Amino acid sequence: MGLTIALEGNIGAGKTTFLSYLKKKGWRCVDEPVVQWQGAEGGENLLSMFYADPKRWAFTFQTFAFISRSQAALGTLRHPPNMAPPASQPSASQLTSQATVLERSLHSDKHCFAKNCHMTGLMKDAEWGVYENYHSWIMNEHPELRCDVIVYLRTDPQRCLEHIRKRGRKEEETITLSYLQELHQRHEEWLSPPQHGPGGGASLSTDQVKVLTLTCESDWENDLARCEEMCEAISDFIEMIPAT
Ligand code: TTP
Ligand code: MG
């Protein structure tokens, strides 16, 4: 099986936009099931309920988010398209064609969002305990959901807020800069621990996943050359990972 790569970054960092670019380049990608959270496939709009009354719905939403993500990721990881037989020294292009890129992962569901809900009192200790129990059970039952690599789109929270306002997802109208700063902080603590220093380069997350940080400044979404550069940085990074 190929490498599993999680594309991480704050709300509005541009993960979906970059994923669309990777798809066009032929990478196998798994979308985040956000439409399911919005009730598009039947059921309630839990995303909207969460933002309208976070204290009431944080636990329910966070639980649904990681379960629906697990279902979406397992669907693709279990049915990979036909691949060429591996050579003894796979080339970079083979590595990328065998890789699966996920928009976010079970890792960030917990380390960023659920943890932030617990830290800010939106999830009580008892709810956090139940959440952690379900989460580690799913991770242990499905080790294929653990990622090999995290690509962290490190983006200034103010820029994220501008993206969120521009795309205008109705549910997200109440998102504030301070909420994005909190989430930025959770991503930083998890993916840029002080011993590695902030900014670019490679590090290890608390789950011992290899992390490539891509600092996103300027209007990179409309800059094809920058997208290509980011894509090449990922290919180069995974080429350096020893085969297991
Ligand atoms: P993101 O997963 O950050 O996706 P995005 O589409 O907003 O980011 P990008 O622009 O980079 O593609 O969040 C989707 C929405 O779901 C957002 O409103 C935050 C919310 N959310 C939670 O509240 N808790 C969670 O655990 C997750 C994963 C998302
Ligand atoms: Mg997205």
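Atoms within a ligand are numbered from 1 in the order they appear, just like the ligands themselves. Quick caveat: nothing in here was measured; it's all calculated off a predicted structure.
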- Task: Indicate whether the side chain of S105 and that of E8 have a donor and an acceptor atom separated by less than 3.5 Å.
- Result: yes
- Message: Applying salt bridge (Lys or Arg N to Asp or Glu O under 4.0 Å), can you list everything that pairs with R56, at least two apart in sequence or on another chain?
- Response: none
- Message: So that I can tick it off, tell me whether D31 and K23 are bridged by a salt bridge, with the cut-off set at under 4.0 angstrom between side-chain N and carboxylate O.
- Response: yes
- Can you name the side chain to side chain donor-acceptor pair (under 3.5 Å) partners of R165, sequence neighbours left out? none
- Can R104 and D109 be counted as an ion pair, charged N to O under 4.0 angstrom? no
- How are the rings of Y51 and Y179 set relative to one another: parallel (under 30°), tilted (30 to 60°) or perpendicular (over 60°)? perpendicular
- Item | Electrostatic pair E32:K15 at N-O distance under 4.0 angstrom | no
Polar pairs, ligand 1 vs protein, N/O only, below 3.5 Å.
residue	atom	partner	partner atom	Å
ligand 1	2 (O)	E32	OE1	2.7
ligand 1	2 (O)	E32	OE2	2.7
ligand 1	2 (O)	R104	NE	2.6
ligand 1	3 (O)	K15	NZ	3.0
ligand 1	3 (O)	R104	NE	3.4
ligand 1	3 (O)	R104	NH2	2.9
ligand 1	4 (O)	E32	OE1	3.1
ligand 1	6 (O)	R169	NH2	3.0
ligand 1	7 (O)	R167	NH1	3.4
ligand 1	7 (O)	R167	NH2	2.7
ligand 1	7 (O)	R169	NH1	3.2
ligand 1	8 (O)	G12	N	3.4
ligand 1	8 (O)	K15	NZ	2.9
ligand 1	10 (O)	G12	N	3.3
ligand 1	10 (O)	R167	NH1	2.8
ligand 1	11 (O)	A13	N	3.2
ligand 1	11 (O)	G14	N	2.8
ligand 1	11 (O)	K15	N	2.7
ligand 1	11 (O)	K15	NZ	2.8
ligand 1	12 (O)	K15	N	3.4
ligand 1	12 (O)	T16	N	2.9
ligand 1	12 (O)	T16	OG1	2.9
ligand 1	12 (O)	E103	OE2	3.1
ligand 1	18 (O)	Y51	OH	2.7
ligand 1	18 (O)	E172	OE2	2.5
ligand 1	24 (N)	Q62	OE1	2.8
ligand 1	26 (O)	Q62	OE1	3.4
ligand 1	26 (O)	Q62	NE2	2.8

- Task: Could you tally the protein N/O/S atoms lying less than 2.8 Å away from the Mg ion (ligand 2)?
- Result: 2
- Is the distance between the ring centroids of F61 and F113 less than 6.0 Å? no
- Should the pair W220 and F18 be assigned to parallel (<30°), tilted (30 to 60°) or perpendicular (>60°) ring geometry? perpendicular
